[in-house]
Number of protein chains: 2
Amino acid sequence: METTDRLILSLLAAEGRMSFTDLGKATGLSTSAVHQRVKRLESKGLIRGYAALIDHEQLGRPLTAFISITPIDPAQPDDYPERLVEIPEIESCWSVAGEESYILKIRVATPSDLENLLARVRAAANVSTRTTIVLSTAYENRPLD
Amino acid sequence: METTDRLILSLLAAEGRMSFTDLGKATGLSTSAVHQRVKRLESKGLIRGYAALIDHEQLGRPLTAFISITPIDPAQPDDYPERLVEIPEIESCWSVAGEESYILKIRVATPSDLENLLARVRAAANVSTRTTIVLSTAYENRPLD
DNA sequence: AGTGAAATCCTTTATTC
DNA sequence: GAATAAAGGATTTCACT
């Protein structure tokens with residue numbers, strides 16, 4: 001992993017639709033040279049994909065929360081991510097070391113939707129939950145340093 | 001906010017570099033009609049931008065953690081996000097309701113880098129910290145449902 | 001809001017170094 | 001690996017509906 005590739009990654013992390021022409025100007029390479037490098041970064045999985053960043057508040061889901069989950073039955077198989085993947089409000093799911101087993105990040109429209117979601121999470125996974133409400137997002141998923 | 005715009009958003013959330021031509025085929029609109037809609041979604045801020053999704057493990061930062069922070073001096077002004085924005089390892093910063101005041105999501109290379117980062121966080125913001133290590137990421141920032 | 005067409009610009013591949 | 005060139009597509013603007 002070398003300087004030019006890192007520069008390409010950081011440019012694309014900040015501006016995912018930048019053209020190969022502009023990437024070439026920014027890196028001092030020809031269009032086809034950056035093109036070749038980007039395709040290699042994609043095929044090696046260093047670039048996992050591209051995403052539009054959505055304003056969820058404007059889209060009608062202003063309420064973000066973290067839900068920490070603890071298994072009720074310790075003998076239950078550890079398949080929580082699969083059990084929870086069907087719940088579309090769950091944006092992220094991390095397995096963690098600490099008091100709880102998983103942390104979920106969710107987005108809903110209203111507190112009542114959160115109540116409903118918590119019931120679905122408990123039922124789908126047989127877990128107890130602890131919820132931390134997000135008051136504001138100072139920044140999220142900043143591009144590379 | 002209506003069906004066609006929601007479809008465009010969900011297509012671009014999943015594939016941020018999809019061409020206007022392909023968006024047109026997927027929505028049944030002409031290229032110039034989707035183009036106009038996407039530009040409107042961008043200017044209204046519903047699309048905040050586009051990002052390449054990076055594999056941080058391959059990029060040399062395999063260790064992810066959540067750091068919850070609690071102010072030591074309750075009289076201190078509440079400017080933690082500004083104080084912390086200079087620390088590049090902090091990917092996200094949320095203000096939360098609950099026992100702690102903020103949750104940070106960070107990425108570093110090694111436990112020793114985490115130790116170093118925690119010292120910088122405490123010094124920059126005059127806070128106590130509680131760290132939860134991520135063991136694995138089942139999924140993260142899933143596109144829209 | 002949407003279409004179709006035209007000009008411009010970008011992407012992609014082949015060739016060469 | 002990188003550059004150049006050329007063909008094939010995509011983007012963007014505009015006139016019209």
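Values below: all heavy atoms of this structure, side chains included; hydrogens, waters and symmetry mates excluded. By convention in this document, chain letters (A, B, ...) are assigned in the order of the sequence lines, proteins followed by strands, and residues within each chain are numbered from 1.
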Figure out the [atom1]/[atom2] separation between [X] and [N], and round it to whole Å.
X: A:Phe20; N: D:dT4; atom1: CZ; atom2: C1'; result: 18 Å
X: B:Tyr50; N: D:dT11; atom1: OH; atom2: C1'; result: 13 Å
X: A:Leu23; N: C:dT12; atom1: CG; atom2: P; result: 12 Å
X: A:Leu12; N: C:dT11; atom1: CG; atom2: P; result: 11 Å
X: B:Asp22; N: D:dG9; atom1: CG; atom2: C1'; result: 11 Å
X: A:Ile8; N: D:dA2; atom1: CD1; atom2: C1'; result: 12 Å
X: A:Gln36; N: D:dA3; atom1: CD; atom2: P; result: 10 Å
X: A:Met18; N: C:dT11; atom1: CE; atom2: P; result: 11 Å

Original post:
Under 4.0 Å: is that the gap between some side-chain N or O of B:Ser32 and OP1 or OP2 of C:dG4?
Top reply: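 Answer no for this pair, as no side-chain N or O of B:Ser32 is under 4.0 Å from OP1 or OP2.
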
Subject >> Phosphate OP1/OP2 of D:dA2: any A:Arg37 side-chain N/O under 4.0 Å >> reply: yes

Original post:
In a check of side chain to side chain contact (heavy atoms under 4.5 Å, CB included) between A:Val134 and each of A:Leu63, A:Ile106, A:Thr64, which one passes?
Top reply: A:Thr64

**OP:** Could you check whether the rings of B:His35 and B:Phe20 sit parallel, tilted or perpendicular, using 30° and 60° as the cut-offs?
**Re:** perpendicular

**OP:** Would you please test A:Asn126 and A:Arg83 for side chain to side chain contact (heavy atoms under 4.5 Å, CB included) and show each step?
**Re:** CA-CA 10 Å; A:Asn126 189 31; A:Arg83 286 164 174 271; 5.7 Å; no

Original post:
Given D:dA2, C:dT3, C:dC10, which nucleotide is nearest the side-chain atoms of A:Leu29?
Top reply: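 Given the options D:dA2, C:dT3, C:dC10, the side chain of A:Leu29 is closest to D:dA2.
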
Original post:
To the side chain of B:Thr21, which of D:dA3, C:dT3, D:dT11 is closest?
Top reply: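 My answer, after comparing the listed nucleotides, is D:dT11.
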
**OP:** Assign B:Ala33 to base, sugar-phosphate, or nothing according to its heavy-atom contacts below 4.0 angstrom with the strands shown.
**Re:**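 Base contact.
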
**OP:** Just call it for A:Ser19: base, sugar-phosphate, or nothing, with non-hydrogen atoms closer than 4.0 Å on any strand.
**Re:** sugar-phosphate

Original post:
Does the B:Arg6 side chain pair with the main chain of A:Leu59, one donor and one acceptor, at a distance under 3.5 Å?
Top reply: yes

Original post:
If only atom types and distance count, is the side chain of A:Glu91 paired as donor or acceptor with the main-chain N or O of A:Leu104 below 3.5 Å?
Top reply: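 Side chain of A:Glu91 to backbone of A:Leu104, a donor-acceptor pair under 3.5 Å: no, none is there.
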
**OP:** Would you mind telling me which residue lines up with the more 5' stretch of DNA chain C, B:Thr31 or A:His35, judged by nearest nucleotide?
**Re:** B:Thr31

